[in-house]
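Shown next, in structure tokens, is the structure this report addresses.
Values reported hereafter were calculated over all heavy atoms of this structure, with side chains retained and with hydrogens, waters and symmetry mates removed. In listed order, ligands and their atoms are each counted from 1. Source: prediction; values computed, not measured.
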Amino acid sequence: MMHVDWKHLALALAILPFAVIFAAWIGFFNVGASSGHWKVTDWFLHFAMRSAVRTYALAVEVPSELPNYAVQTAAGHFPRGCAICHGAPGEPRSPAVLRMLPQPPDLAERVNSWSDAELFRIVKHGVRFTGMPAWPSQKRDDEVWAMVAFLRRLPALGAEAYRDLAYGPVGSLVDRPATFEQAVADCTRCHGADGRGRSTATPVIAGQKESYLLQSLAAYAADRRPSGVMGVVAKAVGRRYWQDLAAHFAALPPPQGRAGAATVLIEAGKKLATEGNPSRRIPACLVCHASRDRNPAFPSLIGQPGPYVEQQLRLFRDGQRGDSGYGRVMREVARPLSDNDIAALAAYFATADLRPTRPIASARDDEVYRSRGAGDR
Ligand code: HEC
Ligand code: HEC
Ligand code: HEC
């Protein structure tokens with residue numbers, strides 16, 4: 001049997017950390033990326049990464065259904081947020097990126113080797129020591145799930161379908177717009193040239209009050225209103241265009257709201273929106289949201305897509321929406337809402353004919369707002 005000299009072993013173990021630090025200090029470890037990793041290092045790093053992702057993914061709560069309605073939004077984020085490293089259908093990775101260590105892989109070839117929870121974990125938190133960044137806003141998860149839904153489609157996505165999803169009618173992206181036209185083109189990729197949104201995950205911004213649009217852009221850029229997607233856009237476009245962009249979209253004609261078939265859900269939403277429910281401390285939404293001369297900080301909800309309204313109400317209720325200065329009111333409003341209330345309200349606002357000429361809309365909401373005791377802004 002081998003004889004173990006415990007004293008020498010203990011000594012060697014005690015010295016080891018100092019030996020490693022000494023080796024690092026004299027520059028023994030090659031941090032250059034040119035020669036690649038040793039095979040064993042490469043294997044170990046991947047093994048460690050896969051194991052960590054697998055373990056941390058166990059704590060991820062997976063939604064019953066991926067938010068496929070928001071895939072266009074995720075695709076719109078992809079060129080600026082991901083394709084610069086990973087490439088995209090029809091847009092191979094750049095030679096510079098191929099010299100990174102580790103190399104950002106072509107995601108179409110990789111996504112099927114991960115579960116939804118694992119993809120969520122990687123995209124939300126990034127991968128340390130590799131250059132793979134975390135999601136730009138850590139304060140909400142729904143956008144990350146939208147990206148997972150998009151990644152699921154990636155392996156089967158052709159170049160043309162990708163271009164349509166990511167760029168829409170514009171056809172390409174200018175990373176740092178240098179003219180106002182380029183800035184508008186960037187917005188068009190998701191909001192459409194008419195400002196009414198290319199998917200139901202994107203709000204209508206056409207005809208919205210200019211100051212609300214401007215304050216929203218500032219809030220996104222400062223992460224006071226958390227959105228990885230809009231935060232990156234607002235910063236990339238740059239503060240110097242915000243004012244003109246807000247004026248541009250405010251001047252476009254808003255949708256008129258369609259008269260929907262009166263389903264039970266819509267009727268329930270309408271009752272809540274027009275009358276509120278005093279015993280449950282739910283105020284009437286239209287008091288703040290539907291008059292023409294309302295406080296410019298109160299956005300119009302006319303024709304706002306149901307899924308967008310539903311998601312925003314959930315975010316308000318969960319304290320994750322943030323705001324442009326007046327959101328505290330909306331967090332109070334949303335707190336008592338049940339999932340059913342939210343579904344009903346979303347159905348109503350998406351279909352309601354809310355032309356701002358109705359009697360209910362003539363209330364001076366500034367006064368209502370103050371008399372509510374909510375005026376301590
Ligand atoms: C700055 C470059 C960079 C950007 C930007 C980037 N990534 Fe990565 N990503 C990497 C690198 C490098 C790896 C490899 C990590 C490794 O091998 O451990 C990686 C790994 C991944 C993986 C795991 C793939 C695998 O099988 O190893 C996924 C999934 C992924 N990225 C998705 C995304 C998404 C989605 C975005 C955009 C929201 C994004 N990445 C943005 C560099 C980047
Ligand atoms: C990649 C898709 C995408 C692009 C590009 C984009 N947006 Fe957005 N925009 C969104 C999404 C998604 C939201 C909703 C985010 C949230 O949950 O708060 C949004 C929200 C907004 C809002 C808030 C509207 C409201 O009702 O509260 C404004 C204002 C806005 N965008 C303006 C712009 C402008 C101006 C541009 C161009 C510089 C632009 N967006 C580019 C997807 C995009
Ligand atoms: C006291 C006034 C007030 C009342 C009552 C009110 N809201 Fe709001 N709401 C606001 C304000 C202010 C904002 C904008 C928050 C911000 O700064 O981003 C807002 C924002 C919203 C948004 C986000 C719109 C967008 O474009 O992103 C939705 C959706 C919404 N409210 C729905 C409702 C519903 C549904 C009700 C009724 C249950 C309601 N609100 C009642 C003041 C009010």
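- Ala193 and Leu252 make their closest contact through O-CD1, 3.6 Å (heavy atoms, listed as atom of the first residue, atom of the second, distance).
- Atom CZ of Phe29 sits in a crowded spot, with more than 12 heavy atoms from other residues, nucleotides or ligands closer than 6.0 Å.
- Of all atoms in ligand 3, listed by their number and element, those nearer than 4.0 Å to a heavy atom of Cys288 are 1 (C), 2 (C), 3 (C), 4 (C), 5 (C), 43 (C).
- Residue Tyr220 does not count as close to atom 8 (Fe) of ligand 2, with no N, O or S atom under 2.8 Å.
- The contact set between ligand 3 and Arg225, taken as ligand atoms under 4.0 Å from a residue heavy atom, comprises 27 (O).
- In Arg280, the CZ atom is crowded: over 12 heavy atoms of neighbouring residues, nucleotides or ligands sit closer than 6.0 Å.
- Atoms of ligand 2 lying under 4.0 Å from any heavy atom of Arg140, numbered from 1 in the order shown and given with element: 16 (C), 17 (O), 18 (O).
- Counting backbone and side-chain atoms alike, Cys190 contributes no N/O/S atom closer than 2.8 Å to atom 8 (Fe) of ligand 2.
- Neither the backbone nor the side chain of Val184 has any atom closer than 4.0 Å to an atom of ligand 2 (non-hydrogen atoms only).
- Considering backbone and side-chain atoms alike, Arg321 places an N or O below 3.5 Å from some N or O of ligand 3.
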Handout entry: Worked verdict on Ser300 versus Arg294 for side-chain contact (heavy atoms from CB on, under 4.5 Å)
Key = CA-CA 9 Å; Ser300 162; Arg294 65 184 185 277; 3.3 Å; yes
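- Ligand 2 places these atoms under 4.0 Å from at least one heavy atom of Gly76: 1 (C).
- By the 3.5 Å distance cut-off applied to N or O atoms, Ser227 is not counted among the residues near ligand 2.
- Counted within 6.0 Å of CZ on Phe180, heavy atoms from surrounding residues, nucleotides or ligands total more than 12; the atom is thus considered enclosed.
- The hydrophobic clustering, which links ILVMFWY residues whose side-chain heavy atoms are closer than 4.5 Å, places Val144 and Phe150 together.
- With ligand atoms numbered from 1 in the order given, ligand 3 contributes 34 (C), 35 (C), 36 (C), 37 (C), 38 (C), 39 (C), 41 (C) to contacts under 4.0 Å with heavy atoms of Cys285.
- Classification of Arg140 and Asp318 as a salt-bridged pair fails, no side-chain N sitting under 4.0 Å from a carboxylate O.
- The environment of Tyr69 atom OH is dense: over 12 non-hydrogen atoms of other residues, nucleotides or ligands sit within 6.0 angstrom.
- The two residues Ala166 and Arg189 make their nearest non-hydrogen contact at O-NH1, 2.9 Å.
- At a heavy-atom distance under 4.0 Å, only side-chain atoms of Gln304, from C-beta outward, approach ligand 3.
- In this structure, Arg50 forms a cation-pi arrangement with Trp114, its terminal cationic atom sitting closer than 6.0 Å to the ring centre and no more than 45° off the ring axis.
- Atom numbering of ligand 2 starts at 1 in the shown order; those under 4.0 Å from a heavy atom of Thr73 are 1 (C), 12 (C).
- For the pair Tyr308 and ligand 2, a heavy-atom separation below 4.0 Å is found.
- Side chain of Tyr56 to backbone of Ser51: no donor-acceptor contact under 3.5 angstrom is found.
- Comment: Arg198 engages Asp164 in a salt bridge, judged by a side-chain N to carboxylate O separation of less than 4.0 angstrom.
- Atom numbering of ligand 2 starts at 1 in the shown order; those under 4.0 Å from a heavy atom of Asp186 are 5 (C).
- For Gln215, the heavy-atom gap to ligand 3 stays at 4.0 angstrom or more.
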Practice task
Assess whether side-chain contact (heavy atoms from CB on, under 4.5 Å) is satisfied between Trp145 and Leu66, documenting all intermediate values.
Solution key: CA-CA 7 Å; Trp145 284 116; Leu66 289 180; 3.7 Å; yes
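- In this structure, Ile84 and Val97 approach most closely via the heavy-atom pair O-CG2, 3.3 Å.
- Counting heavy atoms under 4.0 Å from ligand 2, residue Cys187 touches it through both backbone and side chain.
- For the pair Trp242 and ligand 2, no heavy-atom separation below 4.0 Å is found.
- By the 4.0 Å heavy-atom criterion, Gln312 is counted among the residues contacting ligand 2.
- Glu310 has a carboxylate O that lies under 4.0 Å from a charged side-chain N of Arg314, or vice versa, which qualifies the two as a salt bridge.
- Salt bridge Asp116/Arg121: absent, no basic N to carboxylate O contact under 4.0 Å.
- Looking at Arg93, its side chain does come within 3.5 Å of a backbone N or O of Pro104 through a donor-acceptor pair.
- Each of the atoms 20 (C), 21 (C), 22 (C), 23 (C) of ligand 3 lies under 4.0 Å from some heavy atom of Phe316.
- Restricting His191 to its N/O/S atoms, the shortest distance to atom 8 (Fe) of ligand 2 is reached by NE2.
- Using a 4.0 Å cut-off to heavy atoms of Leu313, the atoms of ligand 3 that qualify are 32 (C), 35 (C).
- Using a 4.0 Å cutoff on heavy atoms, Pro283 counts as a contact of ligand 3.
- Only side-chain heavy atoms of Pro299 come within less than 4.0 Å of ligand 3; its backbone N, CA, C and O stay farther off.
- Stacking of Arg331 on the aromatic ring of Phe316 is not recorded, the 6.0 Å distance cut-off and the 45° axial limit not both being met.
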Filter the ligand 1-protein atom pairs down to N or O on both sides and distance under 3.5 Å, then list them.
unit_1   : atom_1 : unit_2 : atom_2 : d
ligand 1 : 7 (N)  : His86  : NE2    : 2.7
ligand 1 : 9 (N)  : His86  : NE2    : 2.8
ligand 1 : 26 (O) : Arg110 : NH1    : 2.9
ligand 1 : 26 (O) : Trp114 : NE1    : 2.9
ligand 1 : 27 (O) : Arg110 : NH1    : 3.0
ligand 1 : 31 (N) : His86  : NE2    : 2.9
ligand 1 : 40 (N) : His86  : NE2    : 2.8

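- In summary, His289 places an N/O/S atom under 2.8 Å from atom 8 (Fe) of ligand 3, meeting the contact criterion.
- Placement of Val123 and Val229 within a single hydrophobic cluster is found when ILVMFWY residues are connected by side-chain heavy-atom separations under 4.5 Å, directly or transitively.
- Every atom of ligand 2 is numbered from 1 in the order shown, and the set under 4.0 Å from a heavy atom of Val237 is 38 (C).
- Under 4.0 Å is where a charged nitrogen must lie from a carboxylate oxygen, and between Glu332 and Arg335 at least one such pair does.
- Set against the non-hydrogen atoms of Ile205, the atoms of ligand 2 under 4.0 Å away are 24 (C), 28 (C), 32 (C).
- Remark: ligand 3 atoms within the under-4.0 Å shell around heavy atoms of Val329 are 1 (C), 2 (C).
- Contacts of Leu301 with ligand 3, taken as heavy-atom pairs under 4.0 Å, involve the side chain alone.
- Using a 4.0 Å cut-off to heavy atoms of Val333, the atoms of ligand 3 that qualify are 4 (C), 6 (C), 36 (C), 37 (C), 38 (C), 39 (C), 41 (C).
- Proximity to Leu245 (heavy-atom distance under 4.0 Å) selects the following atoms of ligand 2: 38 (C).
- For ligand 3, the atoms lying closer than 4.0 Å to a non-hydrogen atom of Phe349 are 35 (C).
- If you chain together hydrophobic residues whose side chains sit under 4.5 Å apart, Leu165 and Met230 never meet in one group.
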